[in-house]
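Everything on this sheet refers to the single structure shown next.
Just so you know, ligand 1 is whichever comes first in the structure, and atom 1 is the first atom listed for that ligand. Starting from 1, each residue takes its place in the sequence as its number. What's counted below: heavy atoms across the whole structure, side chains too, no hydrogens, waters or symmetry copies.
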Amino acid sequence: MKFCSLRSGSSGNAIYIGYKDVHLLVDAGLTGRTIEKALLNIGVHPEQISAILITHEHKDHILGAGVLSRRYDIPIYANKATWEAMERDVKEIKEENRLYFVTGEEFEIGEIKIKPFKKPHDAAEPVGFSFKAGGKKISIATDLGYMTRGVAYNLMESDLILLEANHDVKMLTTGPYPWPLKKRILSDVGHLSNEAAGETLVKLFKMKMIGMAFLGHLSQVNNTPELAFFTVTNMLKKWGIKSKIGMALRNIESELIEI
Ligand SMILES: [Zn+2]
Ligand SMILES: [Zn+2]
């Protein structure tokens, strides 16, 4: 399987997952042009995209979804509540490109098995995804207020995970955001902090439940890539864990990983 974070962060998210001739986009939260260019940079033509899977209806996850679907005739998959919530923003989508999954129920696109799982976030019915193909598993969980048992369970036995490390709690609480927004981010339906991401990774690596991890959906104001990386790797080091940690950043494609 192939994995590349094309863009990750509150300014827009799009993740590429590929296996054989199936090429998937998880979210399309940037302009169509930006996503097209990022795909071409990793050698994938937008016309090859088999489907766009939507985690939730926030703008940073759906901005270019409608445009790409119309431009390249790409089906969009989301659960019913998300479709209803994003209807107005994605605009006119051809009936045959409007596809539904049920949260918690596995489905297939080509040879990739996909499991959408529930996560706590302030959207209609937000999900993370696990992808299985060729004996490998990749999981994605960003935009979640806290690590639930259910999400942790779905991350287990992954060869690669993309996990949110949204903010440094101190930078957020002392930073410029208005209090209601700080409260929202810190809440159970907000975003995962560097420390919370680190705690989750310590547990998963200790149990040998994951292969490698990418940190993503970093806040531009309340975090820096260096701070997220060092906070998490220092926590891992304390437990003698030396696993590779990749970064999924806002303005550039991550390395293209093949597992
Ligand atoms: Zn987001
Ligand atoms: Zn969100």
Taking 2.8 Å as the cut-off, does an N/O/S atom of [X] lie below it from the Zn ion (ligand 2)?
X      : result
His56  : yes
Asp143 : yes
His121 : yes

Would you call [X] and [Y] a salt bridge, taking side-chain N to carboxylate O under 4.0 Å as the test?
X      : Y      : answer
Lys203 : Glu199 : no
Arg7   : Glu253 : yes
Glu105 : Lys118 : no
Arg70  : Glu92  : no

Is the Zn ion (ligand 1) less than 2.8 Å from an N/O/S atom of His58, whether that atom is in the backbone or a side chain? no
Answer key: the N, O or S atom of Asp60 nearest to the Zn ion (ligand 1) is OD2
- Message: Please report whether the ring centroid of Tyr153 lies less than 6.0 Å from that of Phe117.
- Response: no
